[in-house]
*Asks:* 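Sharing a structure below in structure tokens format, with a few things to ask.
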Amino acid sequence: MVYSLLNDFNKFIKIMRNHDGSNKIDTSTESFLSPTTLIPLLCEINNKKIQYITAHPNTSNYIKDILNKKATNTRTPFIILPYDENERKNKELSHNTALKLNKDYGSFFVLKYIIAELTNNIYDHSSFEEGYSNQGYTYCQEYPNKDLLDICVMDDGLSIPGRFKKSGIEFNDECHAIEKAISNISTKSEDPLERGNGLWSTIKLVVEGNGGSALIVSDRGYLHIKNKENYKYDLLNNNDIFKGTLISLRLKKNQVQNIHELIEIFPGNPYKYKIGRG
Amino acid sequence: MSVKKLIIKELINSSLEFNAAATDLINEIENMGEDEIIIDFTDVVFISRSFAQAYVSGKIKSFKTVKEVNIPVEVEPMLKMIENNFNQRIKSTN
């Protein structure tokens, strides 16, 4: 069964809350691990140097394949983003990742666009060089029986609120920072044509263009978008469990039409945050 | 006027993804002795918005004349879209 992206992330929180601090982590209660559960989990396992994973029989081989960076017809290899700038340039990450995906989800261009913009954000904002980020990750999984594709990109770096704080951009709480991040505001340039367009346009392509859904988790805040009218901001109780930013997108099996018209100009952010809750 | 041609696929690669690569390209162009630079986009398969924005923005600010040739059909819409955005703004401020 495929649950919502938020549900998948909460599974990760639940697994980590149940972790006793030992070098073994128990995922055996979960018979299915989507990218949105698995990627932050692998990040925490790496950071906390956890050596053993207890898995449900349904997921044991799956986890081994992921850790061995194996790809199949329905999933890309689990990619740890390269630190080195030249290695990054040479890998043509978005193009090569999108080649492995089913182009019926959005289109080949849309898949490349999404992955390029989200990985660009990690390199631009997470600052491997400054020592804020240990790792960036990408992973994509198709559910052919459900005609859905999950794309998950995360880093354990500075986070959106952290980056805004460092740049002197004010915000009320972590959710407000996420709202600003998808409102054509950038810490790199005040010129809205130069920067700040990757995230809102990616969300627009997926939610409005494809009818898909999105989840942004950054530090303690999240925005879960089921569709343009149905979305929710909230704060998580995830201290010491999650660090950085995770963006998960769930695409449906249809092609986005009029791509460039959709993303040409920032139309205003339809996902308004009411300060306090939701 | 002196002219230099650059084949972008050889300088970067065929998938233009990262804005840092565009910034580096513009910096390289600025350091060249020639006044006009022609960027050949032959065999480029993709240009991200981030790359296109950094490239067009840098090109506009440059004192060099920068032109593109052999832009593939997959790449032209994004480049045109970004150029239109910048050009619209220049028109409205003049």
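For clarity, every value in this text was computed on a predicted model and none was experimentally measured. These values consider heavy atoms only, across backbone and side chains, with no hydrogens, waters or symmetry-generated copies. Numbered from 1 within each chain, the chains take letters A, B, ... in sequence-line order.
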*Asks:* Around atom NZ of A/Lys103, are there more than 12 heavy atoms of other residues, nucleotides or ligands at under 6.0 Å?
*Replies:* yes
*Asks:* Considering non-hydrogen atoms only, spot the tightest contact between A/His95 and B/Ser15 and give its length.
*Replies:* CB-OG, 3.4 Å
*Asks:* Can you name the nearest heavy-atom pair linking A/Asn120 to B/Asn19, along with the distance?
*Replies:* OD1-N, 3.4 Å
*Asks:* Can you tell me how far the CD1 atom of B/Ile82 sits from the CD atom of A/Glu264, to the nearest 0.5 Å?
*Replies:* 8.5 Å
*Asks:* How long is the straight-line distance from CZ of B/Phe51 back to OG of A/Ser94, given to the nearest 0.5 Å?
*Replies:* 12.5 Å
*Asks:* Is a donor on one side and an acceptor on the other found under 3.5 Å between the side chain of B/Arg49 and the backbone of A/Ala116?
*Replies:* no
*Asks:* Between B/Gln53 and A/Asn197, is a side chain to side chain donor-acceptor pair (under 3.5 Å) present by the stated rule, with each step listed?
*Replies:* CA-CA 9 Å; B/Gln53 282 173 180; A/Asn197 291 298; 3.0 Å; yes
*Asks:* Given that the side chain runs from C-beta out, which part of A/Thr119 has a heavy atom under 4.5 Å from chain B: side chain, backbone, both or neither?
*Replies:* both
*Asks:* Any heavy-atom pair between the side chains of A/Ile115 and B/Glu17 that's under 4.5 Å?
*Replies:* no
*Asks:* Side chain, backbone, both or neither: which part of A/Ile259 has a heavy atom under 4.5 Å from chain B?
*Replies:* neither
*Asks:* Taking atom NZ of A/Lys253 as the centre, report whether more than 12 heavy atoms of other residues, nucleotides or ligands fall under 6.0 Å from it.
*Replies:* yes
*Asks:* For B/Lys64, look at atom NZ and say whether over 12 heavy atoms of other residues, nucleotides or ligands are found less than 6.0 Å away.
*Replies:* yes
*Asks:* A/Glu117 side chain to B/Ser48 main-chain N or O, any donor-acceptor pair under 3.5 Å?
*Replies:* no
*Asks:* Is any side-chain heavy atom of A/Phe109 closer than 4.5 Å to a side-chain heavy atom of B/Met78?
*Replies:* yes
*Asks:* With respect to chain A, which residue among B/Ser14, B/Gly58, B/Ser50 yields the maximal number of heavy-atom pairs within a distance under 4.5 Å?
*Replies:* B/Ser50
